[in-house]
Chemist: 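Dropping a structure here in structure tokens format, bear with me for questions.
Treat the numbers as computed from the prediction; the structure is a model and nothing was measured. Sequence lines set the chain letters: A, B, ... in the order given, protein chains first and strands last, and positions in each chain run from 1.
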2 protein chains.
Amino acid sequence: MDEIEKVLRQHRVRPTAIRLLMYKFLQERKVAVTLNDIESGFDKSDRTTLYRTIKTFEKNGLVHQIDDGTGVAKYALDEPQTARAGNTQNLHLHFHCTSCNETVCLTDHTIPHISLPEGFVTQDVNLVLKGTCDKCSRK
Amino acid sequence: MDEIEKVLRQHRVRPTAIRLLMYKFLQERKVAVTLNDIESGFDKSDRTTLYRTIKTFEKNGLVHQIDDGTGVAKYALDEPQTARAGNTQNLHLHFHCTSCNETVCLTDHTIPHISLPEGFVTQDVNLVLKGTCDKCSRK
DNA sequence: GCAAATAATGCACTTAAGTTGCATTTTTTT
DNA sequence: AAAAAAATGCAACTTAAGTGCATTATTTGC
């Protein structure tokens, strides 16, 4: 717990009770979560607070938002090294399983560079692979 | 107009007045359009009809939906060759300009193959580059 | 340690996009 | 031309996201 508090402080996020709990919650999940997922895990707190908390995390480089094409925003913790470097880009790809609806970060897969026509300047890349994940394809 | 009617029929879409107009509308735009964009172009018709029309187009391989991360679905005509082949995948990438909010298909840029861990089966890929487009970077 | 200032939280409400049900109109089929 | 099928238009609903503001908690200056 003390460790989490330190991480939050490093990112200039005041470690309130809810924030510590949410960070812990995100750590426990291996997959990206929606705001609804978070809500289900916190009976006590209000949706708005949870919404603003995750947005605060995002703004301060603790989590990144993932748009996997389901139409609902998901969030996942930044990798520690990425977070530490203050790197907001998170240039890894995501895999969305259309069977179980889970989305995971494939952080060891970097996104290949793509050269564009003259005048196009790339600042960010979103790459989502869709299909069946390892768990579901084994069934 | 006769040409459009032929294209619709080839995709088993009955060429009603609105459908012909919408196809024409999509042809005139070089960029992907939202349902709102379409609505603005059609005073006469109802939003629901336009919605169902674009969904019919999508289902029958005339257009593909693009999720560029803005949270609003966009649509663009399939390339003729892709459409003819009945290829539903449209494995090209998209560029979203964060300045003018326009999204274009870069149909001549194919998406590089990415090898995934055991058990992951890829069925579809969504690759969106974000940044400044040629028009906006010249300003 | 206490008061003032600042930040976080909770509740109510609003917005926007997507979607569905159903009656009406149009088109197709026989 | 009548019956069947498909398309259209209107109203209403759903869901996720976001905002305003009062209340509560925390931090800062003295």
Side-chain angles (χ1 to χ4, degrees), chain A residues 1 4-25 32-60 62-76 96 101 103, chain B residues 1 4-25 32-60 62-76 96 101 103:
Chain A
M1 193 68 100
I4 296 178
E5 196 173 323
K6 211 188 287 177
V7 175
L8 294 197
R9 285 197 192 283
Q10 278 169 353
H11 288 265
R12 279 174 241 163
V13 174
R14 275 174 243 267
T16 66
I18 289 174
R19 288 171 178 179
L20 291 170
L21 285 172
M22 189 186 288
Y23 195 92
K24 215 176 167 186
F25 180 84
V33 298
T34 65
L35 188 60
N36 265 340
D37 294 336
I38 298 173
E39 254 189 282
S40 308
F42 292 83
D43 296 335
K44 311 162 196 173
S45 190
D46 183 68
R47 212 178 58 84
T48 312
T49 303
L50 299 173
Y51 170 75
R52 286 198 261 238
T53 300
I54 198 77
K55 286 295 173 190
T56 300
F57 281 9
E58 190 189 2
K59 202 184 300 174
N60 292 281
L62 285 165
V63 304
H64 59 283
Q65 185 176 338
I66 302 159
D67 178 12
D68 64 9
T70 55
V72 184
K74 293 185 179 175
Y75 302 88
H96 171 66
N101 198 33
T103 298
Chain B
M1 191 68 100
I4 295 178
E5 197 175 321
K6 211 188 288 177
V7 175
L8 294 197
R9 284 197 193 282
Q10 279 170 353
H11 289 266
R12 279 175 241 162
V13 174
R14 276 174 243 266
T16 65
I18 289 173
R19 288 172 177 176
L20 291 169
L21 285 171
M22 190 187 287
Y23 195 92
K24 214 174 166 186
F25 180 84
V33 298
T34 65
L35 187 59
N36 267 340
D37 293 336
I38 298 174
E39 256 187 280
S40 308
F42 293 83
D43 295 336
K44 311 162 197 175
S45 191
D46 183 68
R47 213 174 62 84
T48 312
T49 302
L50 299 173
Y51 169 75
R52 285 198 263 237
T53 300
I54 198 78
K55 285 296 173 190
T56 299
F57 280 9
E58 190 189 3
K59 203 184 298 174
N60 292 281
L62 286 166
V63 305
H64 60 283
Q65 185 176 339
I66 302 159
D67 179 12
D68 64 8
T70 54
V72 183
K74 293 185 180 175
Y75 302 89
H96 171 67
N101 197 35
T103 298

Chemist: Side-chain donor or acceptor of Arg14(B) under 3.5 Å from a matching atom on the base of dT26(C)?
Modeler: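 Checked by distance alone, the answer is no.
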Chemist: Got a second to check how far Arg12(B)'s CZ is from Asn60(B)'s CG, nearest 0.5 Å?
Modeler: 8.0 Å
Chemist: Rounding to a whole Å, what distance do you find between Asp37(B):CG and dA16(C):C1'?
Modeler: 14 Å
Chemist: Can you measure Arg19(B) atom CZ to dT28(C) atom P for me and round it to whole angstrom units?
Modeler: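 Spelled out: CZ on Arg19(B) to P on dT28(C) is 10 Å.
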Chemist: Using only side-chain N and O atoms of Thr49(B), determine if any of them is under 4.0 Å from OP1 or OP2 of dG9(D).
Modeler: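 Affirmative; the distance criterion is met.
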Chemist: Is there a side-chain hydrogen bond (donor to acceptor under 3.5 Å, both in side chains) between Thr34(A) and Asn36(A)? Walk through the geometry before answering.
Modeler: CA-CA 5 Å; Thr34(A) 65; Asn36(A) 265 340; 5.1 Å; no
Chemist: Just to be sure I understand the rule, does Arg47(A) reach a base, reach only the sugar-phosphate, or reach nothing, if contact means heavy atoms closer than 4.0 Å?
Modeler: base
Chemist: Is Ser45(A) close enough to dT9(C) that one of its side-chain N or O atoms is under 4.0 Å from OP1 or OP2 there?
Modeler: no
Chemist: Rounded to the nearest Å, what distance is computed from the CG atom of residue Asp67(B) to the P atom of nucleotide dG18(C)?
Modeler: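 That distance rounds to 10 Å.
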Chemist: Are Arg14(A) and Arg9(A) side-chain neighbours, meaning at least one heavy-atom pair lies under 4.5 Å?
Modeler: no
Chemist: Looking at the side chain of Thr16(A), which of dA16(D), dG18(C), dT9(C) is the nearest nucleotide?
Modeler: dT9(C)
Chemist: Report yes if a side-chain nitrogen or oxygen of Thr48(B) is closer than 4.0 Å to either non-bridging phosphate oxygen (OP1 or OP2) of dG9(D); otherwise report no.
Modeler: no
Chemist: Is any side-chain nitrogen or oxygen of Asn36(B) closer than 4.0 Å to OP1 or OP2 of dA16(C)?
Modeler: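 Checking Asn36(B) against dA16(C): no side-chain N or O falls below 4.0 Å of OP1 or OP2.
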Chemist: Are the aromatic ring centres of Tyr75(A) and Phe57(A) under 6.0 angstrom apart?
Modeler: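 Not under 6.0 Å, so no.
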Chemist: Once you round it to whole Å, what is the distance between P of dA17(C) and CD of Gln65(B)?
Modeler: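 It is 14 Å, rounded to the nearest whole Å.
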Chemist: From CG of Asp46(A) over to P of dT19(D), roughly how many Å is that when rounded to an integer?
Modeler: 16 Å
Chemist: Using the closest heavy atom to pick a nucleotide of DNA chain C for each, name whichever of Pro15(B) or Leu35(B) lands nearer the 5' end.
Modeler: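 So the residue in question is Leu35(B).
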Chemist: Can you measure from NZ (Lys59(A)) to CD1 (Ile54(A)) and round to the nearest 0.5 angstrom?
Modeler: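 Lys59(A) NZ to Ile54(A) CD1: 13.0 Å, rounded to 0.5 Å.
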Chemist: So, does the side chain of Arg52(B) form a donor-acceptor pair with the base of dG18(C) at under 3.5 Å?
Modeler: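 Donor-acceptor pair under 3.5 Å: no.
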